[in-house]
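Working notes for the structure below.
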Amino acid sequence: MKTSLYNILKARFLINDDAVKNWRFIVFIILLAIIMIANTQRYEQKVFKIAALTSQVKELRSEFVDRRSQLMKLRMESTVSAKMVEKEIFPSTVPPMKIKVKKEEEKSFLKKLWQ
């Protein structure tokens with residue numbers, strides 16, 4: 001037991017005759033660790049990007065609501081009439097009238113012949 005622990009501490013398993021299979025296993029473990037670190041890094045980058053995009057969406061949504069409320073205020077009749085008074089355009093005192101256009105029926109070829 002004491003000699004095996006002493007051999008592990010001295011890393012004799014890396015320089016023995018059958019050390020090639022140990023080195024392969026160590027290289028495999030190192031590659032797995034590198035892949036795991038890279039995967040974690042990509043995951044964190046995506047999480048940060050999602051958080052940034054979420055905050056950007058919130059900002060744009062609030063800006064949209066502000067613009068929509070401004071538009072609603074500008075579309076109000078009182079606002080429009082006030083702006084027209086500034087340009088000396090006043091509302092009409094005569095109410096509008098509906099104009100109805102009657103479409104003439106097209107006569108068939110036979111009816112055109114008999115006339």
Report task. With sequence neighbours excluded, tell me which residues meet side chain to side chain contact (heavy atoms under 4.5 Å, CB included) with Arg75. Result -> Leu71, Met72
Query raised in the report: Tracing side-chain links under 4.5 Å among I, L, V, M, F, W and Y, which residues wind up in one group with Met97?
Result: none
Query raised in the report: Partners of Glu77 by side chain to side chain contact (heavy atoms under 4.5 Å, CB included), sequence neighbours excluded?
Result: none
**Report entry** Contacts of type side chain to side chain contact (heavy atoms under 4.5 Å, CB included), residue Leu53, not counting sequence neighbours
**Finding:** Lys49, Gln56
**Report entry** More than 12 heavy atoms of other groups within 6.0 Å of Phe25 CZ
**Finding:** no
Requested in this report: State which residues pass salt bridge (Lys or Arg N to Asp or Glu O under 4.0 Å) with Glu63; sequence neighbours excluded, sorted by chain then number.
Outcome: Arg67
Query - Other ILVMFWY residues reachable from Ile50 by side-chain steps of under 4.5 Å - result: none
Query - Any residue meeting side chain to side chain contact (heavy atoms under 4.5 Å, CB included) with Thr79, in chain and number order, not counting sequence neighbours - result: Leu74, Met76, Lys83
Return a table of donor-acceptor pairs under 3.5 angstrom between the side chains of residues 38-47 and protein atoms on other chains or two or more places apart.
| from | atom 1 | to | atom 2 | distance (Å) |
| --- | --- | --- | --- | --- |
| Thr40 | OG1 | Met36 | O | 2.9 |

